[in-house]
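Just follow the structure's listing: the first ligand is 1, and inside any ligand the first atom is 1.
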Amino acid sequence: MPRIVDEKLMQKIKRHGAGGKLDVSACFNCGNCTAVCPLAQDSGGFPRRVIRMAQVGMERELLASEELWRCYACGECTQTCPRKADPAGFMAAARSYAISRFDLTGLAGLANRSALGNLLVFLFFSTFFSILLSSNGSFGHPELPIFQFLPGEWIHDIGVVLFAVVGLSAFLGLLSMTWRFWTMQRSRGVQLRLSAIPGAIFSALEDALLHRRFRNCDEEQTAVKGNQPWYLRPWTVHLAVMSGFLAMLLATTLDYMLKPIGSPVPPWYPMRLLGLIGGLVCLYGVSVVLVRRAKGGQAPYDRSSFADWFFPVLLFCTVVTGLLCEIVVYLPSPTALGHGIFFAHVVLAMDLVAMMPLTKFAHVLYRTLALALYALRHAPAKVTASVEARV
Ligand code: SF4
Ligand code: SF4
């Protein structure tokens, strides 16, 4: 495969955040960051190798690299870089750049490059969903008074279309990354075994759901820096955000599929209970993240971009309004405030889903895929009879 050099690659990545107080251009490739990275031990490459790709303009290699996504942004490398080049910040910016390149709509590029672009995309979706939800008030569910204000069928129909569009957009992004990875491996003469795909997917899902590598990273850091209560460790907090979010998503999806929207259910109804517990767990995790960002301190919380704030704040507002809805949706005569909270929650939840493949939130998808691609690349080759005989 011919090597194509993009001389402006580093500049483009810098627009996604790699710059500011610390600048990755100062990197002189000493490799200290890779040596201290608790997660690079099994590959020996990142973050130094990924930085090098950007320095010499190897965009194709950078976008095809699964290493970009196997970094968990712990900040260890930034704290020990002798040139103050902020390798952790660079990795985050390069992931943001990759999300923009994988997205076909162009909205990710707008949302990730600047705070203004991010706000514009958010306002676009918020306005769109607000108008759609407000434009049909003719039918409702008499069982719950609040659904006379915002018809359940209308929420349902918009939700189904939204999930389909977002699902397609995310699928195309994942396909783009897989294709780049696959062709790069082939050009290097690496033979990937199709029969290893199921095992690689299983391994990636297990790792993503249990945060196995994240916990290993955490344990290494704890061993170096001293003890920290388990409930404040980064992997516990990240696990709380992710599992809480997944529980809420599952509860909402099952709710759409299994019962008429707006029909009254008791507090112990399984889906309502799942959503409530998921909401509380997620609220805990996202609150810790926001407090850490507000306090600053050591990397990765020492400097936060708009995108670093945007996603947790959006998630926080969605969860809080959702928990408040648990109260107002069952009031016999909802107030204007109750209607407002309910409306805000539905719009924010739709914003969150719509912006998932476009923002930092997309790392959930790309990281899981990267873990599968890594497992696939490292799947043991089949030992043939002739090889066994030679051994
Ligand atoms: S980012 Fe820092 S630690 Fe890593 S290779 Fe460059 S100068 Fe060395
Ligand atoms: S931020 Fe942490 S996981 Fe990522 S490259 Fe640096 S040390 Fe490794």
Side-chain angles (χ1 to χ4, degrees), residues 9-10 13-14 16-58 61-63 65-99 204 207-208 210-225 228 233-239 241-242 289 292-293 296-305 307-308 360 362-364 366-368 370-371 373-374:
L9 180 58
M10 189 56 103
I13 295 177
K14 279 185 176 181
H16 287 255
K21 277 190 256 167
L22 308 173
D23 190 355
V24 74
S25 306
C27 168
F28 61 177
N29 265 280
C30 67
N32 183 67
C33 48
T34 299
V36 298
C37 172
L39 295 176
Q41 310 312 326
D42 52 359
S43 68
F46 69 92
R48 189 201 61 83
R49 189 158 59 203
V50 185
I51 295 171
R52 190 73 191 136
M53 286 175 191
Q55 283 176 329
V56 297
M58 293 162 65
E61 285 78 0
L62 186 135
L63 295 178
S65 161
E66 98 284 346
E67 289 182 315
L68 195 54
W69 303 95
R70 289 194 295 116
C71 154
Y72 279 80
C74 66
E76 187 70 15
C77 51
T78 288
Q79 288 170 33
T80 54
C81 171
R83 301 280 291 176
K84 306 275 178 246
D86 191 15
F90 164 80
M91 292 294 273
R95 285 191 290 273
S96 165
Y97 175 72
I99 290 170
D207 201 332
L210 300 179
H211 279 42
R212 199 155 22 91
R213 283 164 47 81
F214 204 150
R215 193 174 58 196
N216 293 346
C217 174
D218 225 27
E219 279 169 359
E220 278 206 32
Q221 285 203 336
T222 305
V224 175
K225 293 179 186 168
Q228 194 175 29
R233 290 193 186 161
W235 84 270
T236 320
V237 173
H238 196 270
L239 188 63
V241 175
M242 195 197 73
V289 170
R292 283 191 174 148
R293 288 230 170 266
Q298 286 190 325
Y301 297 109
D302 54 341
R303 58 190 196 104
S304 301
S305 66
D308 291 329
K360 198 178 168 182
H363 78 270
V364 177
Y366 292 116
R367 178 167 292 148
T368 309
L371 291 172
L373 297 175
Y374 174 77

Which ligand 1 atoms, with their elements, are less than 4.0 angstrom from a heavy-atom of Arg48?
5 (S)

Distance in Å, Met91 CE paired with Tyr72 OH, rounded so as to fall on 0.5 Å steps:
12.0 Å

Matching residue for Arg70 among Leu39, Leu371, Leu373 - test: side chain to side chain contact (heavy atoms under 4.5 Å, CB included)
Leu371

Taking the side chain from Asp308 and the backbone from Ser305, do they hold a donor-acceptor pair closer than 3.5 Å?
yes

For Glu76, counting its heavy atoms only, list the atoms of ligand 2 lying under 4.0 Å from any of them.
7 (S)

When the ring planes of Tyr97 and His16 are compared, do they come out parallel, tilted or perpendicular, using 30° and 60° as the limits?
perpendicular

Give the atoms of ligand 2, by number and element, whose distance to some non-hydrogen atom of Gly75 is under 4.0 Å.
1 (S), 2 (Fe)

For Ile51 and Met10, which heavy atoms make the closest approach, and how far apart are they?
O-CE, 4.3 Å

Heavy-atom contact check, 4.0 Å cutoff: does Pro47 meet ligand 2?
yes

Taking only heavy atoms of Pro82 into account, list the atoms of ligand 1 that are under 4.0 Å away from them.
3 (S)

Counting heavy atoms under 4.0 Å, the part of Phe90 that contacts ligand 1 is neither

Atom indices of ligand 2 within 4.0 angstrom of Cys77 heavy atoms, with elements:
1 (S), 5 (S), 6 (Fe), 7 (S)

the protein heavy atom lying closest to atom 4 (Fe) of ligand 1 turns out to be Cys33 SG, 2.3 Å

Under 4.0 Å from a heavy atom of Ala88: which atoms of ligand 2 are those, numbered in the order shown and with their elements?
1 (S)

Which of the ligand 1 atoms, numbered from 1, are nearer than 4.0 Å to a heavy atom of Cys30
3 (S), 5 (S), 7 (S), 8 (Fe)

With no hydrogens and no angle check, is any side-chain donor or acceptor of Arg48 less than 3.5 Å from a backbone partner on Asn29?
no

Per-residue contact class, Ile51 against ligand 1 - non-hydrogen pairs under 4.0 Å:
side chain

Between atom CG of Asp86 and atom SG of Cys33, what is the distance when rounded to the nearest 0.5 Å?
11.0 Å

Show which atoms of ligand 1 fall inside a sub-4.0 Å distance from at least one heavy-atom site of Arg83.
7 (S)

In short, Asn32 meets Thr80 closest at the heavy-atom pair ND2-O, 2.9 Å

What are the atoms of ligand 2, with element, lying closer than 4.0 Å to any heavy atom of Cys37?
3 (S), 5 (S), 7 (S), 8 (Fe)

How long is the gap from CZ on Phe46 to CD on Glu66, to the nearest 0.5 Å?
9.0 Å

Counting backbone and side-chain atoms alike, does Cys81 have an N/O/S atom under 2.8 Å from atom 6 (Fe) of ligand 1?
no

I need the Met58 CE to Leu63 CG distance, nearest 0.5 Å.
11.5 Å

For Asn29, the ligand 1 atoms with a heavy-atom partner under 4.0 Å come out as 5 (S), 6 (Fe)

Heavy-atom nearest neighbour in the protein, as seen from atom 6 (Fe) of ligand 1, with distance rounded to 0.1 Å
Cys27 SG, 2.4 Å

